[in-house]
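One structure is given below, encoded as structure tokens.
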Number of protein chains: 2
Amino acid sequence: MVQVLTKVRAPARAEPGKARIAPKTELPLGQILAGDCVEAMRSLPDNCVDLIFADPPYNLQLGGDLNRPDGSHVDAVTDDWDRFDSFATYDRFTRDWLTEARRILKPDGALWVIGSYHNIFRVGAILQDLGFWILNDIVWRKSNPMPNFRGTRFTNAHETLIWASQGEKAKYHFNYRAMKTLNDELQMRSDWVIPICGGQERLKKGGHKVHPTQKPEALLYRVMLATTEKGDVVLDPFFGTGTTGAVAKRLGRDWIGCERETGYRDAALERIEMALPLDESALTTMQSRKDAPRVAFGALVEAGLIAPGTQLFDKQRRWTATVRADGSLESGKEIGSIHGVGKVLQGAPSCNGWTFWQITHEGADKPLDALRQLYLLSVED
Amino acid sequence: MVQVLTKVRAPARAEPGKARIAPKTELPLGQILAGDCVEAMRSLPDNCVDLIFADPPYNLQLGGDLNRPDGSHVDAVTDDWDRFDSFATYDRFTRDWLTEARRILKPDGALWVIGSYHNIFRVGAILQDLGFWILNDIVWRKSNPMPNFRGTRFTNAHETLIWASQGEKAKYHFNYRAMKTLNDELQMRSDWVIPICGGQERLKKGGHKVHPTQKPEALLYRVMLATTEKGDVVLDPFFGTGTTGAVAKRLGRDWIGCERETGYRDAALERIEMALPLDESALTTMQSRKDAPRVAFGALVEAGLIAPGTQLFDKQRRWTATVRADGSLESGKEIGSIHGVGKVLQGAPSCNGWTFWQITHEGADKPLDALRQLYLLSVED
DNA sequence: AGCCACTATGAATCACCGA
DNA sequence: TTCGGTGATTCATAGTGGC
């Protein structure tokens, strides 16, 4: 049953003198706390993190084996950590970690939780009961989901994220301009098309995936770009193989993880060690409408086709420019879209940035448009 | 003797002796029951409807008026207790109508509920608590949502539907082939792109919309096509201006509505009166193979389409087998049905012999299934 | 090199009838 | 009620190997 057992504290808006904000120096930044996440969070002070991203067990309740039509076996999520006796047990677990999360979250911090229909309705109801205020539910539309092999239901092609603040009146951070820039000058919608995690990004060991449910970095990239600032502290209570940490490092955010399993912790630390932080200029995102670029290529940056910090150049190599995290471009004092910067540099009345700017990709120089074609192929539906 | 195994009958709608299924003649088909939906549903017998589609209100706890169960008025929602109280009120309301819905729904019936992040998590958790079994959550992705004017959040561009059966082991109906056909021969996914209701379809009176949240008919069309058969009874506890009734009439389904407000009832009746039912042939949908007559492999041998002694082989020609006079198959030491032998040879948990085994027929290699089709044509009248 | 064929796999609550 | 037999059912990527 979804119900609140104890009355929750007032939702907390940062009022000077009422809540002490813990300084970052007291925090285990860049560390993975071993053990149960509730215990781990108990070791942290009140009001100390800016964002919590949580990917809790989904309580899938899978039955027997499943085979594809060709007879091959589907590798299901049967790990111990996803087994709960009942909805009541799962609800208790959920209430426990959400309660602790609420305590360590700053008054103007935000919570993100991802889940599927197996668990997300319970999580959503409980976090509302605890006083969190839902700002959006976000649909991650998978461009390449696993089919329904037996033809018994609709292809389960999405997962749901909930974005919530500490309370109805609580402040929160939303980088509206960065999101709009990332989405080709259209407001970012509540449905995001992102491929599942595979290929080079998927952590493997001995030919096998290290974690059964590794999330794509593009998902975390958008979450953090939308709702944190550079230097913010991001905590992930179900750290797994550290996607949250890797993206936080790339984006210049500090991170804290909680993870019970040694194998996941080791893989995460090694992975984050290798992650390269973006440089200062690449991290600067659009702040106001005045600098607003018209960009159609933020999605390529997010998808990892173009890394923030990448140098672009024109065919004659008269100018170069640097790609920033939200898909804007910087060249000397000029900042804007790929089109706008190209126009100003050339002193031309207009410029098509897709054909003007060149990029070195797989050892060859190509116009940006070549990468756009690649991207379109990858997300078309 | 030519033998066709019994054609699959229309799936029985309940276990005989387990529950009495009310005959349709006892039901108020094509009527809108006035008043509160819980009261209205109480007037209906157990196990009497095949589908319930519900679009419940979700703004009870916010802004406007809020009444406690005893009828007293709740002041503006400003403190925690009141907020909790409003969720509790909404939960009680939800549990009440879902409980009654569960009673009148047939054992193999299905429930659909639509909502937004304001209420859908509570509805989903409660229906799970009541024993409903979620089959899919569906995202209605609006092609033309209202923008977020203040730029404070992501554009709220979708709503969520939950599709649930009576329980984990309950049967349910899913017209897989019809959905696949509707989606250009790809499995229908859990995210549906459908425009919001506007234009000619939107009911207006004196220049104003009659109902604030009229749903597009395309949405109901897909729901009913996917999970009901012609002649099924569809009930909508929050009938509004009758989208459910209009689509049910169009698709040859019977309907029952519940609606408190006279204005909505009048508009709905007028609207449904004008709706044109599709003719018989247009209503015929793609049948799944499972509904086709069953043919025993032996019948093809008997009919002379396949001679005893014929060699069969798999696509990669790893194995061969010989057809025997009684329709059994022999491959080395293995003897049995086309399915059983294929299963053992591959070491697979199961095998569809019709698609696994190939045969040389009229100079070309074909799966056995091709001959089955020929056979079906030859015995059809 | 480039193209094609073939294989592998991903958070999945994945049949149903008759004896 | 359990058990066994029949037979229905997959999409987008990534990777590998042959020609």
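Just so you know, these numbers come straight off a predicted model, no measurement behind them. Just the heavy atoms: all of them, side chains too, but no hydrogens, waters or symmetry mates, feed the values below. Note on naming: letters A, B, ... go to the chains in the order of the sequence lines (proteins, then strands), and numbering restarts at 1 for each one.
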Have a look at [X] and say if it touches a base, only the backbone sugar-phosphate, or nothing, with a 4.0 Å heavy-atom cut-off.
X: B:L186; value: sugar-phosphate
X: A:G64; value: base
X: B:S337; value: sugar-phosphate
X: B:E168; value: nothing
X: A:G199; value: sugar-phosphate

Taking only side-chain nitrogens and oxygens of A:Q200, does any of them come within less than 4.0 Å of OP1 or OP2 of D:dG15?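 It does, given that an N or O in the side chain of A:Q200 lies less than 4.0 Å from OP1 or OP2 of D:dG15.
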Could you tell me whether A:R189 and A:D191 make a salt bridge, using a distance below 4.0 angstrom between a side-chain N and a carboxylate O?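 Yes.
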Using nucleotides 16-19 of chain D, report all nitrogen or oxygen pairs with the protein that are shorter than 3.5 Å.
none

Calculate the interatomic distance between [X] atom [atom1] and [N] atom [atom2]; express it in whole Å.
X: B:Y176; N: C:dC14; atom1: OH; atom2: P; answer: 15 Å
X: B:L368; N: D:dA8; atom1: CG; atom2: C1'; answer: 15 Å
X: B:R189; N: C:dA12; atom1: CZ; atom2: P; answer: 14 Å
X: A:N67; N: C:dA12; atom1: CG; atom2: P; answer: 14 Å
X: A:R153; N: C:dA15; atom1: CZ; atom2: P; answer: 9 Å

ring-ring contact (aromatic ring centres under 6.0 Å, His included) against A:F154, all qualifying residues, sequence neighbours excluded: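 Counting only residues at least two positions away or on another chain, A:F154 forms a ring-ring contact (aromatic ring centres under 6.0 Å, His included) with B:W163, B:F174, B:W192.
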Donor-acceptor check, side chain of B:S190 to backbone of A:A157, threshold 3.5 angstrom: yes or no? yes
Can you tell me if B:N47 uses its side chain to pair, donor with acceptor, with the backbone of B:I21 under 3.5 Å? no
For DNA chain D, stems built from three or more consecutive Watson-Crick or G-U wobble pairs below 3.5 Å: C:2-10 with D:11-19, C:15-19 with D:2-6
Polar side-chain contact A:N156-C:dA12 base: donor and acceptor under 3.5 Å: no
Could you check B:L111, B:L161, B:V113 and say which one makes a side-chain contact (heavy atoms from CB on, under 4.5 Å) with B:F53? B:L161
Consider the side chain of B:H339, meaning its heavy atoms from C-beta on, and name the nucleotide among C:dA12, D:dG7, D:dT10 that approaches it most closely. D:dG7
Looking at D:dG7, D:dT10, C:dT13, which one has an atom nearest to any side-chain atom of B:K180?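 From the listed options, D:dT10 comes nearest.
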Kindly list each side-chain donor-acceptor pair under 3.5 angstrom involving residues 204-211 of chain A, sequence neighbours excluded, with atom names and distances?
residue, atom, partner, partner atom, Å
A:K209, NZ, A:D75, OD2, 3.4
A:H211, ND1, A:T213, N, 3.0
A:H211, ND1, A:T213, OG1, 3.3

Shorter than 3.5 Å, N or O on both sides, protein versus nucleotides 6-11 of chain C: list them out with atom names.
residue, atom, partner, partner atom, Å
C:dG10, OP2, A:K209, NZ, 2.7
C:dG10, O5', A:K209, NZ, 3.0
C:dG10, N7, A:R68, NH2, 2.6
C:dG10, O6, A:R68, NE, 3.1
C:dG10, N2, A:P145, O, 3.2
C:dA11, OP2, A:R202, NH1, 2.8
C:dA11, OP2, A:R202, NH2, 3.3
C:dA11, OP2, A:P212, O, 3.0
C:dA11, N7, A:K215, NZ, 3.2
C:dA11, N6, A:P56, O, 3.1
C:dA11, N1, A:Y58, N, 3.0

List the residues meeting side chain to side chain contact (heavy atoms under 4.5 Å, CB included) with B:L186, not counting sequence neighbours, and say none if there are none. B:N183
